[in-house]
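Questions regarding the structure given below will be posed in turn.
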Amino acid sequence: MARIFIISNRVAIPMAGANPGGLEVVLKATLKNHPCVWLGWSGEVNADPQVATLKKGKNTYIVTDLPPEDFDEYYNGFANRVLWPIFHYRLDLAEFSRRDLSGYLRVNDRFADELVKVLAPDDIVWVHDYHLIPLAKALRARGLQNRIGFFLHIPLPPPEILTAMPNHETLIPSLGSYDLVGFQTDGDAANFARYLAKELGTPSHISHRVSGGARSMRIGTFPVGIETRDFTRLAGRAVKTKFVQQVLKSIPGALMIGVDRLDYSKGIPNRLEAYERFLIAHPQWHDKITYLQITPKSRSQIKEYSDIEQAVNSISGRINGAFSDAAWAPVRYVNRPYSRTALAGLYRAARVGLVTPMRDGMNLVAKEYVASQDPEDPGVLILSRFAGAADEMRAALLVNPYDPDAVGAAIARAMAMPLGERKSRHAELYATLLDNDIGTWGDRFLKVLGPGPSGEVQALSDFIAEAS
Ligand code: ADQ
């Protein structure tokens, strides 16, 4: 059986008791069904970087440390200060430097050097996310002919934004070295197809053909899902735990929940402002709703992230200052991670799930919240139309996160929604989650990446037509 090489910035090395990261969850079925080698950064910063190999069952994990300059330039620099903001439509936050770009290319070259040592000709390579866009080009430069696929977990903006990125003309076309480039939504794929048509003149009736080569790059949409049934079972058990019951006992009235990494793309300050508008407009709900926002810190070394932390602290303090009484505080803001079990139990206990990113590749929290509900008495999902998940989850209350009055009105509507409507919306949402369970996601991508034509890949023109 051909080995699957998974390449990503971080590697989730299996350890007893460790919380699985998001990538491990989406790759779980792939890791179970195929012999896999997973290669990436160990998470350690070390002036004398080491490479370690670990075997677990039929899978192998290869991790390399990063020297401090690579951590600054590749990870904190180009990946998180340039690609992350620009791909989330935030040109205003991007801080480009040539030094960071060369660090980014250097780490991609380093990963390519490690890979050529271990790849066999029939191995299939699957590269994940924005940290590793030029990896296939680096591998091709080393003579590798293997099938190589790429999946982008975050959005891809339209060419009008992408072309403002310095050096886009070398970086983005390097995706042409992959055999397959996968996106979360048709909108992202259409943006890429438009970039290829506008910038490279790729005729839209064919897949992108790398200049002079026999190979062509195809694009496809593979929306990430979750382990729907497992999550439902977990939530059913978790809601009965002492922890969740204590949370429920400690608040008067209903629970509304938000769970996000502390990141400006998640729209937490805007969401708090919307809640404030709701509290002003609907005094009858005071004492009857508590908003629990669970937000572990991330990327704290980057200024924009400490700014967002301050903004969230200040707005939640302002709301609690204005509306609390001795027995009730409208906001509970918690800065730490929780286990999947604890989150599943809290989702199930929450009458409203508030998921309002300003822009998001998919957003798994929206899916986890719906999967956790009791079908006989489900809560209501309020979802940003700018999350990739909104494409599939049409039965949520879809909102524009830039409009705090509209989000506030959606909170009021969710709180007052009759049981019949809650049940029918939940049933429709749950059916879409079952349709796109994560168990088959990896195999669908790998099937299309494999040799031969496949019905799942559309011509570029189809994406462009869908976008216009
Ligand atoms: P993220 O930006 O990390 O992922 P998301 O899709 O919401 O965003 O996934 C977060 C995961 O972390 C969820 O499984 C959630 O349960 C978990 N999590 C969040 N807060 C937590 C907490 N306090 N404690 C413990 N766990 C917590 C990127 C893209 C997304 C895309 C995913 C998968 O930005 O758009 O959906 O990859 O492709």
Worked verdict on Thr295 versus Asp260 for side chain to side chain donor-acceptor pair (under 3.5 Å): CA-CA 5 Å; Thr295 300; Asp260 313 77; 4.8 Å; no
Thr185-Asp188 side chain donor-acceptor pair, cut-off 3.5 Å: yes
Close side-chain approach of Leu292 and Val334, heavy atoms under 4.5 Å: yes
Salt bridge present between Asp307 and Lys303 (N-O < 4.0 angstrom): yes
Any side-chain heavy-atom pair of Ser177 and Ile148 under 4.5 Å: no
Residues Glu276, Arg318; criterion salt bridge (charged side-chain N to carboxylate O under 4.0 Å, His left out); working and verdict: CA-CA 9 Å; Glu276 190 175 35; Arg318 184 177 80 209; 2.7 Å; yes
Least distance between heavy atoms, Met358 atom then Gly267 atom: SD-CA, 3.5 Å
Student check: side-chain heavy atoms of Trp38 and Ile7 closer than 4.5 Å: no
Residue pair Asn146 / Ala120: nearest heavy atoms and the distance that separates them: ND2-O, 2.9 Å
Asp123 vs Arg147, salt bridge (charged side-chain N to carboxylate O under 4.0 Å, His left out): CA-CA, chis, key distance, verdict: CA-CA 8 Å; Asp123 289 333; Arg147 296 199 73 75; over 6 Å; no
Val26/Leu364 under side chain to side chain contact (heavy atoms under 4.5 Å, CB included): CA gap, chis, key distance, verdict: CA-CA 10 Å; Val26 300; Leu364 296 179; 4.3 Å; yes
Min side-chain heavy-atom separation Leu180-Ile219 under 4.5 Å: no
Please output the side-chain donor-acceptor pairs of residues 385-393 that fall under 3.5 Å, not counting sequence neighbours, one pair per line with the distance.
{"unit_1": "Glu392", "atom_1": "OE1", "unit_2": "Lys367", "atom_2": "NZ", "d": "2.7"}
{"unit_1": "Glu392", "atom_1": "OE2", "unit_2": "Asn436", "atom_2": "ND2", "d": "3.0"}

Ring-ring centroid check Phe445 Trp126, cutoff 6.0 Å: yes
Short side-chain to backbone donor-acceptor contact, Asp70 and Leu66, under 3.5 Å: no
Tyr347 and Tyr369 aromatic ring geometry - parallel, tilted or perpendicular at 30°/60° bounds: perpendicular
Value rounded to 0.5 Å, distance of SG in Cys36 from CG in Leu31: 5.0 Å
Exercise: identify the closest heavy-atom pair between Pro157 and Ile86: CG-O, 3.5 Å
Close side-chain approach of Val25 and Ile226, heavy atoms under 4.5 Å: no
4.5 Å side-chain heavy-atom contact, Val51 and Ile62: yes
Salt bridge flag under 4.0 Å for residues Arg3 and Asp122: no
Pair Gln184-Val224, side chain to side chain contact (heavy atoms under 4.5 Å, CB included): steps then yes or no: CA-CA 7 Å; Gln184 299 274 23; Val224 165; 3.4 Å; yes
Closest contact, heavy atoms only, Pro404 versus Tyr402: CD-O, 3.3 Å
Short side-chain donor-acceptor distance under 3.5 Å, Asp437 and Thr228: yes
Residue pair Asn167 / Arg98, side-chain donor-acceptor N/O under 3.5 Å: yes
Interatomic spacing from CD in Glu273 to CD1 in Ile268 - rounded to 0.5 Å: 13.0 Å
Trp84 vs Asp263, side chain to side chain contact (heavy atoms under 4.5 Å, CB included): CA-CA, chis, key distance, verdict: CA-CA 10 Å; Trp84 179 271; Asp263 191 296; 3.2 Å; yes
Test item: Ser339 side-chain N/O and Ala342 main-chain N/O as donor-acceptor pair under 3.5 Å: yes
Phe192 six-ring face occupied by Arg194 cation (under 6.0 Å, within 45°): no
Distance-only side-chain donor-acceptor flag, Gln145 / Arg140, under 3.5 Å: no
Asn9 versus Tyr130, side-chain donor and acceptor atoms under 3.5 Å: no
Parallel, tilted or perpendicular: ring planes of Phe222 versus Phe151, cut at 30 and 60 degrees: perpendicular
Check: Asp129 side chain, His153 main-chain N or O, donor-acceptor pair, under 3.5 Å: yes
Any side-chain heavy-atom pair of Asn191 and Phe183 under 4.5 Å: no
Verdict with reasoning, Asp72 to Arg99, per salt bridge (charged side-chain N to carboxylate O under 4.0 Å, His left out): CA-CA 10 Å; Asp72 284 344; Arg99 202 176 64 122; 5.9 Å; no
Distance, nearest 0.5 Å, that separates CG of Leu54 from OG of Ser42: 12.5 Å
Polar contact flag, side-chain donor to acceptor under 3.5 angstrom, His34-Asn59: no
Backbone of Pro357 reached by a side-chain donor or acceptor of Ser384 within 3.5 Å: yes
Neighbour count >12 (heavy atoms, 6.0 Å) for atom NZ, Lys58: yes
Side-chain ion pair, Glu160 and Lys198, N-O less than 4.0 Å: yes
Pair Arg106 + Asp100: basic N to acidic O under 4.0 Å: no
Closest heavy-atom pair and its distance - Leu433, Ala371: CD1-N, 3.8 Å
Pair Gln293, Tyr291: side-chain N/O donor-acceptor within cut-off below 3.5 Å: yes
Distance-only donor-acceptor check, side chains Gln50 and Asp48, under 3.5 Å: yes
Nearest heavy atoms of Ile133 and Leu171, plus distance in Å: CG2-O, 3.7 Å
Nearest-0.5 Å distance, CG of residue Leu156 to NE2 of residue His88: 11.0 Å
Ile4/Leu446 under side chain to side chain contact (heavy atoms under 4.5 Å, CB included): CA gap, chis, key distance, verdict: CA-CA 9 Å; Ile4 311 292; Leu446 292 170; 4.0 Å; yes
Interatomic distance, Glu73 atom CD to Arg81 atom CZ [nearest 0.5 angstrom]: 10.5 Å
Check: His131 ring centroid to Tyr104 ring centroid under 6.0 Å: no
Criterion salt bridge (charged side-chain N to carboxylate O under 4.0 Å, His left out) on Asp360 and Lys266, from CA distance to verdict: CA-CA 7 Å; Asp360 217 330; Lys266 303 292 183 185; 3.0 Å; yes
Basic-acidic side-chain contact under 4.0 Å: Arg90, Glu304: no
pair Asp113-Arg142: side-chain heavy atoms closer than 4.5 Å: yes
Tyr75 ring center near Trp41 ring center (under 6.0 Å): yes
